[in-house]
Structures are given as structure tokens and as C-alpha cells.
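Working notes, beginning with the structure itself.
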Amino acid sequence: MTSQITPCLWFNGEAEEAAKFYTSVFKDGVITKTSYFTEAGKENHRFAPGSVMMVAFTINGTSFTALNGGPNFKHSEAVSFQISCKDQEDVDYYWEKLKESGDEKKQNCGWVADRFGVSWQVIPVQLVEYISAGGERGERAMKAMLRMKKIEIEGLRKAFEGEA
């Protein structure tokens, strides 16, 4: 079943570049459609006719739209996309790819803002397992996570087990 909800990411002329970046990071990523501005509405959007207006793309089975809407709105951490990672290799791969040219000040507790300002949570499945266990073990895992930029599964495990 096709989802009725598609996140639309607002850009100021970088929609195509962003879509190409995201579809290169996620192994199953694909651009599905590109639309272009016409003369209609130029007084509002101020983009040249023939320039990219929207790019539809899919990553990890989720459809997205990248829209060149202009400089009016910026991305913030109030909205982020979680990437569920099965192991440290997955965490390392997505973290390294997404942090390239991103804002280093926006890298904390598994969160990373990419070069377009879009926020991602690169989260190993073990983090959810450890924290949701509750009690002292879950609290130790939470405290360990709060000290990390990129999540390190072995560090979480040691904290969870009381070895750290």
C-alpha cells in the first residue's frame, strides 16, 4: 500500500542536489520524478522558468518530495528522520555519509544535521532495547548515550551491563 503521507523538504534552490545526495546515501534510493518551474507564479517563487521546482524520490521505502520554495523557511531539529541501524557498521556508514559538510554543533546523542540542515537520528536498535529495559541498566545506557556524539553500541552495552 502506498503511504498517504509524504514528507516535503523545503530548499532554496538545492532540491535536486539534496535528492541526489540522499539517493546516493541510501542504497535503495531512487529519484522518481522531477518537475520544473514555468512562468506561472514567478512573481511569488522568483525562480527562473525551466529550473527545478520539485524532485520526488524514495529512500528505504519512504517517499519524499524536495521542493525549491525559496529562502523563507529553514530546517530545524524539531523534525528529524530516524534511521534504525542493525549494527555498528550501519551506524558508522550513515553517520559518516550524513555528517559530511554538516554542522558539527548539531551532532549529539545520535543526531546529525546534514549539509542541507536536515536532521537525522542514526540509532542502533540496541539503544531502544537497552533504554526500554528500564531500571538501573536502562538508566546507565541512557547516561552513556547522552555523552556520545555518534552512538557506539559497545559503549552502550558496557554501560547497560555495568561494565563501564
Side-chain angles (χ1 to χ4, degrees), residues 1-38 40-103 105-133 138 142 145-146 148-151 153:
M1 176 180 193
T2 303
S3 175
Q4 289 181 303
I5 299 172
T6 301
C8 180
L9 303 173
W10 184 288
F11 296 95
N12 183 23
E14 308 93 358
E16 185 174 36
E17 179 186 353
K20 286 179 179 179
F21 173 69
Y22 298 135
T23 57
S24 74
V25 168
F26 294 87
K27 295 172 180 94
D28 70 341
V30 62
I31 292 175
T32 56
K33 186 174 185 164
T34 303
S35 304
Y36 300 90
F37 284 106
T38 65
K42 187 174 180 197
E43 65 280 359
N44 295 319
H45 61 69
R46 297 193 172 91
F47 285 95
S51 62
V52 172
M53 179 176 61
M54 284 192 312
V55 181
F57 62 100
T58 303
I59 53 176
N60 282 14
T62 301
S63 296
F64 287 82
T65 300
L67 169 69
N68 278 327
N72 301 2
F73 302 107
K74 305 284 184 221
H75 299 284
S76 83
E77 296 83 357
V79 173
S80 62
F81 299 99
Q82 292 182 334
I83 306 168
S84 183
C85 299
K86 67 181 181 311
D87 55 30
Q88 192 66 49
E89 185 178 338
D90 268 1
V91 170
D92 294 346
Y93 171 81
Y94 287 113
W95 185 268
E96 292 305 314
K97 293 289 186 182
L98 292 168
K99 80 171 192 162
E100 288 175 15
S101 302
D103 185 347
K105 290 179 264 175
K106 295 184 178 183
Q107 297 175 11
N108 198 23
C109 303
W111 291 58
V112 59
D114 65 31
R115 64 184 176 209
F116 303 102
V118 174
S119 293
W120 301 84
Q121 295 179 54
V122 183
I123 305 297
V125 295
Q126 294 85 346
L127 174 64
V128 176
E129 175 187 327
Y130 295 157
I131 290 174
S132 60
M142 175 66 96
M145 184 268 307
L146 291 171
M148 297 177 181
K149 279 180 118 175
K150 175 180 75 174
I151 304 298
I153 298 171

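One-based numbering along the sequence shown.
To the nearest 0.5 Å, atoms CG (Asp87) and CG (Asp92) are separated by 9.0 Å. Note that CD1 of Ile131 is 11.0 Å distant from CD of Glu129, once rounded to the nearest 0.5 Å. Taken to the nearest 0.5 Å, the CD1 atom of Ile59 stands 8.5 Å off from the OG1 atom of Thr23. Atom CG of residue Asp114 and atom CZ of residue Phe21 lie 5.5 Å apart, to the nearest 0.5 angstrom. To the nearest 0.5 Å, atom SG of residue Cys85 and atom CD1 of residue Ile151 are 10.0 Å apart. Of the inter-residue distances, the one linking Asn72 atom CG with His45 atom NE2 reads 13.0 Å to the nearest 0.5 angstrom.
Within 6.0 Å of CD in Glu43 there are more than 12 heavy atoms belonging to other residues, nucleotides or ligands. Heavy-atom neighbours of Met142 CE from other residues, nucleotides or ligands within 6.0 Å: at or below the threshold of 12.
Using modelled atom types and a 3.5 Å distance limit, the side chains of Gln121 and Ser80 yield a donor-acceptor pair.
Here the shortest heavy-atom pairing between Gln126 and Lys86 reads NE2-O, 3.3 Å. For the residue pair Pro124 and Val122, the shortest heavy atom distance occurs at CD-O, 3.9 Å. Nearest heavy atoms, Ala48 versus Ser51: O-OG, 2.6 Å. Of all heavy-atom pairs spanning Asp28 and Gly61, the tightest one is OD2-N, 3.6 Å. Nearest heavy atom pair, residue Asn108 against residue Met148, reads OD1-O, 3.4 Å. Nearest heavy atom pair, residue Thr65 against residue Met54, reads CG2-SD, 3.8 Å.
Between Phe57 and Phe64, the angle of the ring planes stays under 30°, which puts this pair in the parallel group of the 30/60° scheme.
Looking at Gln88, its side chain does come within 3.5 Å of a backbone N or O of Ile153 through a donor-acceptor pair. Ser84 places no side-chain N or O within donor-acceptor distance of the main-chain N or O of Val125, the cut-off being under 3.5 Å.
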If you apply the rule side-chain contact (heavy atoms from CB on, under 4.5 Å), what do you find for Asn12 with Phe47, and how did you get there?
CA-CA 10 Å; Asn12 183 23; Phe47 285 95; 3.9 Å; yes

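Here the rule is side-chain contact (heavy atoms from CB on, under 4.5 Å) with Met53, and of Thr38, Asn68, Leu67, Thr34 only Leu67 fits it. The only option from Phe81, Tyr93, Trp120 that meets the ring-ring contact (aromatic ring centres under 6.0 Å, His included) definition with Phe26 turns out to be Trp120.
Phe11 places a side-chain heavy atom less than 4.5 Å from the side chain of His75. Residues Ser119 and Lys106 have side chains not in contact (no heavy-atom distance under 4.5 Å, counting atoms from C-beta outward). Two residues are said to be in side-chain contact when any heavy atoms from C-beta on lie closer than 4.5 Å; Leu98 and Ile83 meet this criterion. When side chains are defined from C-beta on, Leu9 does not count as touching Phe116, because their heavy atoms never get closer than 4.5 Å. Two residues are said to be in side-chain contact when any heavy atoms from C-beta on lie closer than 4.5 Å; Tyr130 and Met145 fail this criterion. Val112 has its side chain out of reach of Lys150: every pair of non-hydrogen atoms, C-beta onward, lies at least 4.5 Å apart.
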